[in-house]
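Below is one structure; the comments refer to it alone.
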Amino acid sequence: MLHASRVQKVGSYTLGERLGVGGMAEVYEAVSADGQTVALKRILPSLARDREFCEMFADEARITGRLEHPNVVRVLELGNSNGELFMALEYVDGPSLAKVLRRAARERSAADVSAITSIGAQLLAALDFVHNATDDHGQLLSIVHRDVSPGNVMLSSAGDLKLGDFGIVRSEIVARRTQPGELKGKIGYMSPEQASGFSVDPRSDLFSVGIILAELLTLRPLFLGKNEMDTLGRTAHADLSTWHRFNSHVPLALRGVVEKALSKVAGERYSSAREMRHAWLEAARIARVPEEEGALKKWLVQLGLV
């Protein structure tokens, strides 16, 4: 297949700007034959013939294709173009949460707690749905995302949050290709058990949400070390020194929710995304965080990101 910079078509889709690239796949803005704008994800050309990567890619489409929820990126089509797999995904017309964090940190923009409350509530609603998703027979799929990180959280210009990238999802309906001790996930956004190579359950995703909320509230990386091994070590020990150093402005009720989610021992965290979402919204109420409709959209506009 032609090099990505010269490719114009994939299947019936016309490629536009490349939106991002990861270790396994790249994503383009694309237009379908009927004029619909989509995000087109395809395996990197160098990996397109690798059987394991192709199986993981197909698993991602198979899992995500079952997940119909306002806060989850929808899969529109899984296709094959000249022997290479691709996915057409719902296009989200706003920035990733990673970009929001970078912009806010760079500008030292005061954390908009109303907007952060909305982000937490929407992300936890997505995970509540994902963790409880069932197959056609009502059997629990036992999904753990394992990669809940700012780069995989998209925000629309209207202030809607969409969780995406289920590329390393763990579920009962996919083959278990992670070996004991093998790390899969994003450095800095894993749970202690994930960073240590142990098995994970949905409470691992809740730890990742805790990291995201802590970073939004302090505008600082939570576990960033001198190198990757140092970061993994701080994660495995749930080292909250950065959080404690910079959280004095955060309302006590919100601090309590974040710290419970960031418990080193999974059994000391919230038992479910639903429970954590309820606690998060109740903490916002206790802290008298303004219930401002459109707060997230307003913050994105203030940051110049929509």
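Every heavy atom of this structure was used, including side-chain atoms; hydrogens, water molecules and symmetry mates were not. All values derive from a computational prediction rather than experimental measurement.
Ile43 has its side chain out of reach of Glu84: every pair of non-hydrogen atoms, C-beta onward, lies at least 4.5 Å apart. With contacts defined as side-chain heavy-atom distances shorter than 4.5 Å, the pair Val100/Trp299 qualifies. Leu232 is listed as a side-chain neighbour of Met190, based on a closest heavy-atom distance under 4.5 Å. A heavy-atom distance below 4.5 Å is found between the side chains of Trp243 and Thr218. Inter-residue side-chain proximity for Pro70 and Asp160 is flagged as unmet; no heavy-atom pair is nearer than 4.5 Å. Residues Thr37 and Asp93 are not in side-chain contact: their nearest non-hydrogen atoms beyond the backbone lie 4.5 Å or more apart. Residues Leu76 and Gln36 meet the side-chain proximity criterion, which asks for heavy atoms closer than 4.5 Å.
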**Request:** Decide side-chain contact (heavy atoms from CB on, under 4.5 Å) for Met154 and Leu89; before the verdict, give the C-alpha distance in whole Å, the side-chain angles of both, and the deciding distance to 0.1 Å.
**Result:** CA-CA 12 Å; Met154 299 301 299; Leu89 304 167; over 6 Å; no
**Request:** List the steps, then state whether side-chain contact (heavy atoms from CB on, under 4.5 Å) holds for Trp280 with Leu213.
**Result:** CA-CA 10 Å; Trp280 178 245; Leu213 293 176; 3.9 Å; yes
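Between the side chain of His145 and the backbone N or O of Gly164 there is at least one donor-acceptor pair closer than 3.5 Å. A side-chain donor-acceptor contact under 3.5 Å links Gln122 to the backbone of Leu161. Side-chain N or O atoms of Arg255 include one that pairs as donor or acceptor with a backbone N or O of Ser248 at under 3.5 Å. Looking at Asp205, its side chain does come within 3.5 Å of a backbone N or O of Arg146 through a donor-acceptor pair. Checking side-chain atoms of Ser196 against main-chain N and O of Phe198 turns up no donor-acceptor pair under 3.5 Å. No side-chain donor-acceptor contact under 3.5 Å links Lys41 to the backbone of Glu26. Between the side chain of Ser156 and the backbone N or O of Val92 there is no donor-acceptor pair closer than 3.5 Å. At least one donor-acceptor pair closer than 3.5 Å links the side chain of Arg234 to the backbone N or O of Leu224.
Screening Arg102, Arg106, Glu107, Lys99 for a side chain to side chain contact (heavy atoms under 4.5 Å, CB included) involving Leu303 leaves a single residue, Glu107. Here the rule is side chain to side chain contact (heavy atoms under 4.5 Å, CB included) with Leu217, and of Ile212, Asn247, Val258 only Val258 fits it.
Going from atom CD1 of Ile211 over to atom CG of Leu206 covers 11.5 Å, rounded to the nearest 0.5 Å. To the nearest 0.5 angstrom, Ile143 atom CD1 is 10.5 Å from Leu127 atom CG. Atom CG in Leu97 sits 10.5 Å away from atom CG in Leu305 (nearest 0.5 Å). One distance of note links CG of Asp128 with CD of Glu275; it measures 11.5 Å at 0.5 Å rounding. Interatomic distance, CD of Glu291 versus CD of Glu293, reported as 10.5 Å (0.5 Å rounding). Once rounded to the nearest 0.5 Å, the distance linking CD of Glu193 with CZ of Phe207 reads 7.5 Å.
Using a 4.5 Å cut-off between side-chain heavy atoms of Ile, Leu, Val, Met, Phe, Trp and Tyr, with links allowed through other members, Leu141 and Val130 fall into the same hydrophobic cluster. Both Val306 and Leu296 belong to a common hydrophobic cluster when Ile, Leu, Val, Met, Phe, Trp and Tyr are linked at side-chain heavy-atom distances under 4.5 angstrom.
Within 6.0 Å of the CZ atom in Arg274, the count of heavy atoms belonging to other residues, nucleotides or ligands does not exceed 12. Atom NZ of Lys298 is surrounded by 12 or fewer heavy atoms from other residues, nucleotides or ligands within 6.0 Å. Taking a 6.0 Å sphere around NE2 of His69, one finds it holds more than 12 heavy atoms contributed by other residues, nucleotides or ligands. Within 6.0 Å of NE2 on His244 lie more than 12 heavy atoms contributed by other residues, nucleotides or ligands.
Between Asp147 and Lys186, the shortest heavy-atom contact is OD1-NZ, 3.2 Å. Closest approach of Glu215 to Leu101, counting heavy atoms only: O-CD2, 3.6 Å. Residues Ala25 and Phe57 share a closest heavy-atom pair of CB-CE1, 4.4 Å. Closest heavy-atom contact between Ser12 and Lys9: O-NZ, 3.8 Å. The two atoms that bring Ala238 and Pro192 nearest to each other are CB-CG, 4.3 Å, heavy atoms only. Between Leu262 and Leu222 the shortest heavy-atom distance is CD1-CD2, 3.9 Å.
Residues satisfying the ring-ring contact (aromatic ring centres under 6.0 Å, His included) criterion with Tyr13, sequence neighbours excluded, are Phe86.
Of the N and O atoms on the side chains of Ser81 and Arg42, not one donor lies less than 3.5 Å from an acceptor on the other residue.
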